[in-house]
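The residues of the chain are indexed from 1 along the displayed sequence.
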Amino acid sequence: MKTVVFDLDGTLADTSGDLIAAANACFRDMGAGDQLCAITDAGTALRGGRAMLRLGMQRLEREHDEALIDAYYPKLLEAYARDIDTHTVMYDGAMDAVELLKSTGYRVAICTNKPEGLARQLLGRLGVLDAFGAVLGADTLAVRKPDPEHLFETARRAGGHADKCVLIGDTETDRNTALAAGVPCVLVTFGPAGGDMAALAPEALLDHYNDLHGIVVELIGRAAA
């Protein structure tokens with residue numbers, strides 16, 4: 001079966017506001033006050049918890065304190081889990097595109113470097129968990145993106161074939177995952193780092209989810225030719 005595999009943060013949903021809030025909770029606990037801005041630092045938020053902690057520590061001139069970053073990473077995850085959907089929204093048209101793909105014979109799944117439990121918690125809160133045939137996170141397997149096995153196993157668990165999938169993402173990590181897997185990659189342009197996506201030379205750029213179905217049909221058809 002043909003499978004469309006989505007990244008989560010910055011691809012299906014804008015989660016940056018809640019991630020930034022969790023990081024700032026850590027900095028307040030350090031006695032430093034908020035260090036990150038939900039608007040200007042959104043791109044860093046979508047690169048993960050450690051990236052946010054490193055940016056804040058850099059602003060505190062403590063960027064080399066890896067031990068403190070390691071100590072606060074679990075606290076960041078705890079703060080995030082408590083308020084995981086306060087600001088998060090699905091991108092316009094995302095779930096309509098998912099349902100259209102399913103109705104035309106595609107399997108759909110999520111492959112994210114967010115911990116699986118948090119990914120499932122968020123999708124459940126947003127009311128869309130059951131729409132996906134599989135959800136694999138950073139801790140589901142012994143490997144994670146950009147290791148291609150993370151993508152391959154996601155496709156398999158959704159009932160698809162690893163060699164008949166497309167990865168939809170928003171970062172260099174997603175691009176590198178697709179390259180390692182030898183499958184087409186679509187990068188979204190509407191996220192915080194959207195303007196940087198063309199330089200990564202994906203097989204396609206996605207400006208709005210209304211266009212996804214046509215792009216997927218073309219890419220999978222081209223890959224099968």
Using side chain to side chain contact (heavy atoms under 4.5 Å, CB included), reason through Phe190 and Asp92 one step at a time and then give a plain yes or no. CA-CA 10 Å; Phe190 41 76; Asp92 185 47; over 6 Å; no
What pairs of donor and acceptor atoms, side-chain ones from residues 124-139 against any protein atom, are under 3.5 angstrom apart with sequence neighbours left out?
residue	atom	partner	partner atom	Å
Arg125	NH1	Asp85	OD1	3.0
Asp139	OD1	Glu116	N	2.8

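- The shortest side-chain heavy-atom distance between Thr44 and Leu36 does not fall under the 4.5 Å cut-off.
- Residues Asp29 and Tyr72 have side chains in contact (heavy-atom distance under 4.5 Å, counting atoms from C-beta outward).
- Looking at heavy atoms from C-beta onward, Glu203 lies out of side-chain contact with Val186 at the 4.5 angstrom threshold.
- The backbone N or O of Cys37 lies less than 3.5 Å from a partner atom in the side chain of Asp41, making a donor-acceptor pair.
- Leu205 and Tyr91 are members of different hydrophobic clusters when ILVMFWY side chains are connected at heavy-atom separations under 4.5 Å.
- Taking the side chain as every heavy atom from C-beta outward, Ile20 and His87 never approach each other to under 4.5 Å.
- Val217 and Leu219 fall within the same hydrophobic cluster, where Ile, Leu, Val, Met, Phe, Trp and Tyr residues are linked whenever their side-chain heavy atoms come under 4.5 Å apart, directly or through other members.
- The only member of Thr154, Leu12, Ile168 that meets side chain to side chain contact (heavy atoms under 4.5 Å, CB included) when paired with Ile110 is Leu12.
- In this structure, Tyr106 and His213 have perpendicular ring planes: the angle between them is above 60°, well past the 30° mark.
- Between the OG1 atom of Thr173 and the CG atom of Leu200 there is a distance of 10.0 Å, given to the nearest 0.5 Å.
- Atom OG1 of residue Thr15 and atom NZ of residue Lys114 lie 4.5 Å apart, to the nearest 0.5 angstrom.
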Evaluate the salt bridge (Lys or Arg N to Asp or Glu O under 4.0 Å) criterion for residues Glu78 and Lys75: first the C-alpha distance (whole Å), next the side-chain angles of each, then the deciding distance (0.1 Å), finally the verdict. CA-CA 5 Å; Glu78 291 173 7; Lys75 296 181 180 182; over 6 Å; no
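- Leu53 has its side chain within reach of Tyr73: a pair of non-hydrogen atoms, C-beta onward, lies under 4.5 Å apart.
- Side-chain atoms of Asp174 and Thr171 include a donor-acceptor pair closer than 3.5 Å.
- For Arg59 (side chain) and Gln35 (main-chain N/O), a donor-acceptor pair under 3.5 Å exists by modelled atom type.
- A distance of 12.0 Å separates CG of Asn176 from CG of Asp147, quoted to the nearest 0.5 Å.
- Checked by atom type and distance alone, the side chain of Thr189 pairs as donor or acceptor with a backbone atom of Leu206 at under 3.5 Å.
- With hydrogens and angles ignored, the 3.5 Å screen pairs a side-chain donor or acceptor of His208 with a backbone N or O of Asn210.
- Heavy atoms only, all atoms of each residue included: Leu118 and Ile84 are closest at O-CD1, 3.4 Å.
- Here the rule is salt bridge (charged side-chain N to carboxylate O under 4.0 Å, His left out) with Asp7, and of Lys145, Arg175, Arg47 only Lys145 fits it.
- In this structure, Leu122 and Tyr80 have side chains that are in contact, with non-hydrogen atoms separated by less than 4.5 Å.
- Note that the CG atom of Asp65 and the CG atom of Asp70 stand 9.5 Å from one another [nearest 0.5 Å].
- Pairing each heavy atom of Ala181 with each of Leu151, the nearest pair is CB-CD2, 3.8 Å.
- More than 12 heavy atoms of other residues, nucleotides or ligands sit less than 6.0 Å from atom NZ of Lys102.
- A continuous path of ILVMFWY side-chain contacts below 4.5 Å connects Phe6 to Leu123, so both sit in one hydrophobic cluster.
- Across Ala25 and Ala79, no two heavy atoms sit closer than the pair CB-CB, 4.2 Å.
- The closest donor-acceptor contact from the side chain of Thr11 to the backbone of Leu8 lies at 3.5 Å or more, if one exists at all.
- Rounded to the nearest 0.5 angstrom, Tyr209 OH and Ile215 CD1 are separated by 10.5 Å.
- The two residues Val188 and Gly191 make their nearest non-hydrogen contact at CG2-N, 4.5 Å.
- Residues Arg50 and Arg54 form a side-chain contact, since some pair of their non-hydrogen atoms from C-beta on lies under 4.5 Å apart.
- The heavy-atom pair separating Cys165 from Pro184 by the smallest distance is O-CD, 3.4 Å.
- Using a 3.5 Å distance cut-off with no hydrogens or angles, the side chains of Thr177 and His150 do not pair a donor with an acceptor.
- Checked by atom type and distance alone, the side chain of Asp18 pairs as donor or acceptor with a backbone atom of Thr88 at under 3.5 Å.
- In terms of modelled atom types and a separation under 3.5 Å, the side chain of Asp83 and the main chain of Thr86 share no donor-acceptor contact.
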Side chain to side chain contact (heavy atoms under 4.5 Å, CB included), that's the test. Do Phe27 and Asp34 meet it? Break it down for me. CA-CA 6 Å; Phe27 296 125; Asp34 291 356; 5.9 Å; no
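- One distance of note links CE of Met57 with CG of Leu60; it measures 6.5 Å at 0.5 Å rounding.
- With hydrophobic clusters built from ILVMFWY side chains whose heavy atoms lie under 4.5 angstrom apart, Ile220 shares a cluster with Leu212.
- The minimum heavy-atom distance between Leu76 and Ala22, with the atom names listed, is O-CB, 3.7 Å.
- Hydrophobic cluster membership is shared by Ile69 and Leu46, with clusters built from Ile, Leu, Val, Met, Phe, Trp and Tyr side chains linked at under 4.5 angstrom.
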